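Everything on this sheet refers to the single structure shown next.
None of the values given here were measured: they were computed from a predicted structure. In what follows, chains carry the letters A, B, and so on, assigned in the order in which the sequence lines appear, proteins first and then strands, with residues in each chain numbered from 1.
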2 protein chains.
Amino acid sequence: MVNQHDPRVLRTRQLIREAFRELLRKKDFDSITINDIAQKATINRATFYAHYEDKYALLEEITEQAFSDRIPDQVLNARDFTDEICDGLIMMTYNYIMDFYRICRMDSKPIASLVDEKIKQLLQQSIENILRRGNLHLMEDSHTKIISAMTASAIYGAAHAWLTVGENDGTDLLVGFVRPYVMNGLGLPKVP
Amino acid sequence: MVNQHDPRVLRTRQLIREAFRELLRKKDFDSITINDIAQKATINRATFYAHYEDKYALLEEITEQAFSDRIPDQVLNARDFTDEICDGLIMMTYNYIMDFYRICRMDSKPIASLVDEKIKQLLQQSIENILRRGNLHLMEDSHTKIISAMTASAIYGAAHAWLTVGENDGTDLLVGFVRPYVMNGLGLPKVP
DNA sequence: CAAAATGTGTCGTCTATGCAACGTTCCGCT
DNA sequence: AGCGGAACGTTGCATAGACGACACATTTTG
């Protein structure tokens, strides 16, 4: 529809994202209108629709972007799912969820689930990439996918629960719970 | 050529001005290219020429804008050229010149003179407006202009010299010199 | 000195954005 | 129930801006 490399497009999308982020700090998602976004971004309302189907698509994009930006190089380049990598993923996930929920009051369930789904998906993809690059590269595709999905879900679920129960005295305990669980689960299909 | 009220125009000009201000803090005016400005403003080089004839016109505009922004309401609304107003103009002028010369190293003479000329012109206009609104409104137009020009030149010249001799221990002394001089000069044609 | 590189200013073409208008849906109000 | 406003999502048209090319001037390099 629009040329992704046109500098006007890049600038407009940047303006929209930034406007949306600012609005999320003041108003809850549901009460933000397309008009609000367009005004703060100094673009026309119709232009918004040239770039995003609706504000849910926009939320999805900034969620993905923000999470991706937090993935450390260590994880991106990892060729083995080590304890350190595991710890990194757990802490990153927890911190991200915490920040996101704190900054934007996620009042409506459908929104929260959209964000949650996106994070889990990115987490799974990260894990999958590591496994493919690493010593498990000979595994079947479907196995890798399932294992990644399980691991991502476990990490995400734990981090989310940790936030819900309100144990905000650090992530050490959380890591202590999750890492053995995950690493043990991953250890089972390992080729000896 | 371009519609001054189109939001795209406003945004582009804002981007250009901001880019130029940032560049002036790092490089001297002469070594700033149109390309530099366009890149930092994230616009195309040709677009620059749709808004400004060259970088001198741009410098003129931001000079004028920055100076105008500093004129206090007290001066804008004054109906009499009082001591307080006089003091305000002197200090504002001195501070502006000081800031401008400190931030942008004004190495080449033609540039400095361009800026100086602009400031003097704005100063003169401010004074003229006050006199017209005030008790001297019955003066002939040409007289008002000449008196304003003299006063503006005096104030500007003194502020500039004050900066050159390096007396940077405050503006009190400067005001002490200039105000009596100016107010006395203005007093002569006063209708008793 | 010649040649290459960089900057300037302008032009024609194409596209992204602004704008105004439209019908729709939703929601609060009487 | 009916009304009115507000937000939504879409459309056609006008125009600002992106791009590449160009001729020319200036600076840099060898």
Under 3.5 Å donor-acceptor pair, Arg45(A) side-chain atoms to dG18(C) base atoms: no
Euclidean distance, atom NE2 of residue His51(A) to atom P of dG9(D) [Å, nearest integer]: 16 Å
Residue Asp54(B), side-chain atoms from C-beta onward, closest of dC19(C), dC19(D), dG9(C): dG9(C)
Helix axis bend for the helix from dC1(C)-dG30(D) to dT30(C)-dA1(D) - C1'-based end axes, five pairs, 10° rounding: 40°
Salt-bridge criterion met for Asp30(B) and Lys55(B) (N-O under 4.0 Å): no
Atom pair distance, as rounded to whole Å: CG in Asp30(A) and C1' in dC8(D): 15 Å
Sugar-phosphate, base or nothing in reach of Ser31(B), heavy atoms under 4.0 Å: nothing
Residue list, ring pair (Phe, Tyr, Trp, His ring centres under 6.0 Å) with Phe67(B), at least two apart or on another chain: Tyr96(B)
N/O donor-acceptor pair, side chain Arg8(A) with base dT17(C), under 3.5 angstrom: no
Integer-rounded Å distance: dA18(D) P and Asn3(A) CG: 13 Å
For atom CZ of Arg11(B) and atom P of dT17(C), their distance in whole Å: 8 Å
Phosphate OP1/OP2 of dG18(C) contacted by His5(B) side-chain N/O (<4.0 Å): no
Phosphate contact (dA16(C) OP1 or OP2) by Thr12(A) side-chain N/O below 4.0 Å: no
Polar side chain donor-acceptor pair, Gln65(B) to Asp69(B), under 3.5 angstrom: no
Length of the line joining Asn44(B):CG and dT15(C):P, which is rounded to integer Å: 16 Å
Value in whole Å for how far the P atom of dT17(C) lies from CG of Leu10(B): 17 Å
Contact under 4.0 Å: Thr47(A) side-chain N or O vs dA16(C) OP1/OP2: no
Interatomic distance where CD belongs to Gln39(A) and P belongs to dC19(C) [whole Å]: 12 Å
Interatomic distance, Phe48(A) CZ vs dT10(D) P [rounded to whole Å]: 11 Å
Sugar-phosphate, base or nothing in reach of Arg13(B), heavy atoms under 4.0 Å: nothing
Any side-chain heavy-atom pair of Glu117(B) and Glu60(B) under 4.5 Å: no
Sidechain N-carboxylate O distance under 4.0 Å for Asp99(A), Arg70(A): yes
Side chain of Tyr49(A) - closest among dA16(C), dC19(C), dC8(D): dC8(D)
Polar contact flag, side-chain donor to acceptor under 3.5 angstrom, Asp116(B)-Ser113(B): no
Could you list the donor-acceptor pairs under 3.5 angstrom formed by side chains in residues 36-49 of chain A, with sequence neighbours left out?
from     : atom 1 : to       : atom 2 : distance (Å)
Asp36(A) : OD1    : Thr33(A) : OG1    : 3.4
Asp36(A) : OD2    : Lys27(A) : NZ     : 2.9
Asp36(A) : OD2    : Thr33(A) : N      : 3.0
Asp36(A) : OD2    : Thr33(A) : OG1    : 3.2
Asn44(A) : OD1    : Ala46(A) : N      : 2.9

Salt bridge present between Glu22(A) and Arg25(A) (N-O < 4.0 angstrom): no
First of Pro7(B) and Gln4(A) reached from the 5' end of DNA chain C, by closest nucleotide: Gln4(A)
5' priority, DNA chain D, between Asp6(A) and Ala46(A) [closest heavy atom]: Ala46(A)
